[in-house]
Amino acid sequence: MLNRRQLLTAAGLAGVGLAAAACSSGGGGGDADQPAAPKSDAVLKGTLNIITPEFAGTDGKKAFEGDILKKFTEKHPDVKFQVDYTPWDKLNEKLSTQIAGGQASDLIMMGMGWTAPFAQKKVFAPLDESVLGEAKIPELLLENAKWDGKLYAVPLLLESRPFIYRKDLLAMHGVDNPERDTIDDFTELLRELKGKTGGVPLDMLASSLRQVWGQMTFAFGGTQFSEDGMEAHFNKEPAVKALQWMVDIQKEKLSDFNLRVAAGQPGAYQTGKCVIGWQSSGVWPSLAQQSPELVKDENLGMMLCPSTEAGKKVLYQGGTLVGLSSRTKNEDAALAALQYLVSNEALAAASKFTGKVPANSNIAKGTDLGGNKILDYSQQNLEHSVTDGGTAAWMEIRGKMDPILEGAVLGKKGVQESIEELQKMAEDSIGRIK
Amino acid sequence: MANETNTPDIEDVTRTHVPGDPADDSIQQVRSSTPDHAVKDVSQRRRRRISRTILWVILAAISAAMVLPFLWMFFTAVRSQDELGQPNPPFFPRSWHFENFGRAIDAAPFHIYARNSFIIGIVNVFTTLLFGASAGYALAKLRFKAAPWIFGWFLATMMIPFYATVIPSFLLVRFMPLFGGNDIFGQGGQGWIDSWWALLVPGMVGAFSIFLLRQFYVTTPTELIEAARIDGLSEPRIWLEIMTPLVKPGLLTVGLLSFEGGWNNFLWPLLVTRDESLRVIQVGLSVFRQESNTQWDLLMAGTTLSALPMIVLFIIFQRYFVNGFVNSGIK
C-alpha cells in the first residue's frame, strides 16, 4: 500500500515527467545539457524566486532576507528576491506540485539525496564547478550532488551526526576516552559499559534506522548504490554486515530502538539513560537550553564513528543543498546568487542562524558559528563525511526502508530476509526509472 | 389481590383516569396506597440512582479522556525549558511561563496568518451554505431523472483521497485562463497561484456538505412544498423561505465544519502560495518544527491559540452540532 506521501510523490513525479517533457527547452534560453557557469560580466537584474525549508519564522526571514540576501542585493541592487518558506515535511509535496505545474522556483533548496531524483527528471540545470568559487566541499558530498557525472546542486548546510558522550558518567566507570579504532573495539567497549552500568550504553537505534544503516554501510567499507545509481548494493557484504551489527546491538541491548522519542523531546542520552549518543548538530539549541550541565566542556565529549579499517572514521551528514532550476528565466542572476550562497560569508551567517554545519571546509577555524559545539566539531571533521542516497530512485526508496529495517532490528524478520526485501524493493524502484 | 386490599383495579384506573382532572386521584392511589408498590418504588429509584451514577462516572471518564490532550497541550505551552527536558515532567507545571504565548506570537506574523485563516473560514461558510444548501435541496426534493446519479457521483468523489487529487487541482488553478498573466489557453502566467482565488475558490463547496444538507432536506415534509406551490410561491422562495429554515441545525453543523476546514487548512494554502501575506495559521505553526528539533513549548502555545476559536464556536453551537449529526443519520 502506498501512503499518502508516496502517492503524492508518485503523482508529482509523473507530473514532473510530463512538465519536463513539455518544457524541456527550459526558460533560460541556453543549451540544457551544457553546465551553467557564472559570468563575471553579466548584468544582473530581475526577481529571483527561492524555495527553502530553512530560515522559517520572523527571525529566520530577518536572517535570510534582512542579512544574508541583503548583502547580495547591496552589490546587485537590480536583483530582488521572493522567498518561499516551506517546512521540511512538506517540501517534497510542494516541489512536486510546483514542478508538475511547470513553476519551479529559480533556486531550489532541498535535502541530501534529493539531487539525483530531481536531476533525472530535468528539474535542475547542470552546473559548472566554477560555481563553487573558493568553497571547499567534501568530495563524497559533492558526489551526492551529482547525477550522470554532472554537478546539479551545491551542498550548503549539514546536519552532522557525530557521537557525543558523557565524560562525567564514563569517568565514573573508569573510561576516560571511548574513542576506538575499529567497530569491533567500539562494540567491545559498549559491552564493557553495559556490564558496568547495567543500562543501555548507546543511544543510536532510537534514531532513523535508514540513516544508521546508511552510515554503518560506509563504516563497514561499502556504498549503498553503484556509481551511476542504477544498481543497489543492499545485498553486498558491507550492507549485510552493517544490518547484522544493528540487529546484534539491539539483541544485546547495547542500543535500543524502543528508547525512541519524538523530535524535540529529551532523548535517552539527554535524560542520562545512555552514556553515548548519536546526535544531530541540530539538537544543540534544545540540549543547551534544557540541560545546560550536559554541554559544559567537562561533561561533553565528541568522537567519530569508527569503521572496520583502523583509523578510518565516518561522519553521517544530512543537510540542505541548493540547485538551479532548469526553467529559470534569469539564469545569470540565479547563478550569481547560488555562488554567493555557498561563499564563506553567506554560509557562516546561515550556519550561525540555523545551527547547521556549513558544507564548506574553507571557512576559517575560529569563525563564530553560534557556539554550537557539535557543529564546530563536525566542521573540523568534514573530510570524514558520508551520506545515504545516490540514485535517481531515492525518493521512493528512502520512504520504504525504515519499516523493513525496523522489522529486522526488532527481530520480526531475519537479516537475510530483510536484506532480500530491501534489495528487491530498491531494484523495483530503480527499474521504474530506467 | 388488589381488590382485597381496597386498591382500585388497574384496568379500572386506566379506564377512568382523566388527564388534568384535579378530582382524579386514581394514579396517586395506585402509587402510594400499598406497601408492595412503595417498596418497588424505592428499589426502582435506588436502581435508577445507581445506574445514573455509573453513567455519570463513565461519561466523566470519557470527558476527562477527551479534555486531557487539551490540558496537556496547554500545560506544555506554559512549561519551563527545564521541565521540557525531563523524561517524565509533572502533570501540573511547577512554574507557569505564560510569556511562551508572547514568544510564539513573535516567532511568526501570526496576525496575518490568523486573518487569512479567518477570511478563508468565513468565505467557506457562506459559499458552502449557499451552494451546499441549494444542491442538497435539489437532490432531495426536486424530481429529475439524473438526481440519484448525481448524488452517487458526489458520494463517489468523497471516496477519493485529497492527496490523489491535489496535483490535478493544482494544475487547474495554475493554468486558469485569463488570470495571473495566463492567456485564453492558460499559458504564459501563473493563473491563480499566489492569489486569493486559489485559496478561496477550491474550498467553496464540498461533496460532504452537499451530502449532509441533502440528508436534512430529505427529512422535511414535501407537503409544505406542494402547499407553497399551490399558494403560488416561486421555487427559489420555497427553498429559501419555506424549506431552508426547517434545516437550521444542518446549516449550523455544515457551517461549523466548513469554518473548521478553512481555519485548519494547511497543505493546500502551502502549495498554492509563495507570498507570506497569503499564508495561513497552520503554516505558521510549522515554524516551530525544524528538521531535527521541535520547540514544543512554542508549538503548543501556538496550537492552543489557534484551537481557541474552534473550541469557542463548538461550545456555543454544540447542541445544534450534535443534533445536526443525529438528525442526518450520521451518528
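Since we're looking at a predicted model, the values are computed, not measured. Naming: A, B, ... by sequence-line order, numbering from 1 per chain.
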Discussion item. Please identify, among B:R289, B:R279, B:Q295, B:E83, the residue contributing the most non-hydrogen atom pairs under 4.5 Å to chain A.
Written reply: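 Of the options given, most contacts go to B:R279.
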Fill in: chain A contacts, top residue of B:V283, B:D82, B:L84, B:V173 (heavy-atom pairs, under 4.5 Å)
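Maximum pair count with chain A is reached by B:L84.
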Practice prompt. Determine the option with the most heavy-atom pairs under 4.5 angstrom with chain B, choosing from A:V283, A:L287, A:T86.
Written response: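 Max contact count across the listed options: A:T86.
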Worksheet item: Who among A:E54, A:K273, A:Q98 has the most heavy-atom pairs with chain B under 4.5 Å?
Response: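 So the answer, after comparing A:E54, A:K273, A:Q98, is A:Q98.
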Worksheet entry | Non-hydrogen side-chain atoms of B:D194 and A:Q82 separated by less than 4.5 Å |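 Yes, side chains in contact.
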Discussion item. Between B:P87 and A:V261, is there a side-chain heavy-atom distance shorter than 4.5 Å?
Written reply: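 Not in contact.
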At a 4.5 Å cut-off on heavy atoms, which part of [X] comes close to chain A: side chain, backbone, both, or neither?
{"X": "B:F288", "value": "neither"}
{"X": "B:F175", "value": "side chain"}
{"X": "B:L270", "value": "both"}
{"X": "B:L299", "value": "neither"}

Does [X] [atom1] have over 12 foreign heavy atoms under 6.0 Å away?
{"X": "B:F162", "atom1": "CZ", "answer": "yes"}
{"X": "B:F91", "atom1": "CZ", "answer": "yes"}
{"X": "B:W153", "atom1": "CH2", "answer": "no"}
{"X": "B:F101", "atom1": "CZ", "answer": "yes"}

For the student: nearest non-hydrogen atoms of [X] and [Y], plus distance:
{"X": "A:A100", "Y": "B:I167", "value": "CB-CG2, 4.1 Å"}
{"X": "B:F170", "Y": "A:G101", "value": "CE2-CA, 3.9 Å"}
{"X": "B:T273", "Y": "A:D84", "value": "O-OD2, 3.9 Å"}
{"X": "A:G102", "Y": "B:R174", "value": "O-NH2, 4.1 Å"}

Distance (rounded to the nearest 0.5 Å) between [X] [atom1] and [Y] [atom2]:
{"X": "A:Q290", "Y": "B:D297", "atom1": "CD", "atom2": "CG", "result": "8.0 Å"}
{"X": "A:Q270", "Y": "B:Q86", "atom1": "CD", "atom2": "CD", "result": "10.5 Å"}
{"X": "B:R274", "Y": "A:I50", "atom1": "CZ", "atom2": "CD1", "result": "11.5 Å"}

Worksheet entry | Residue part contacting chain B, namely of A:S286, when any heavy atom lies under 4.5 Å |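 Its backbone and side chain both get close to chain B.
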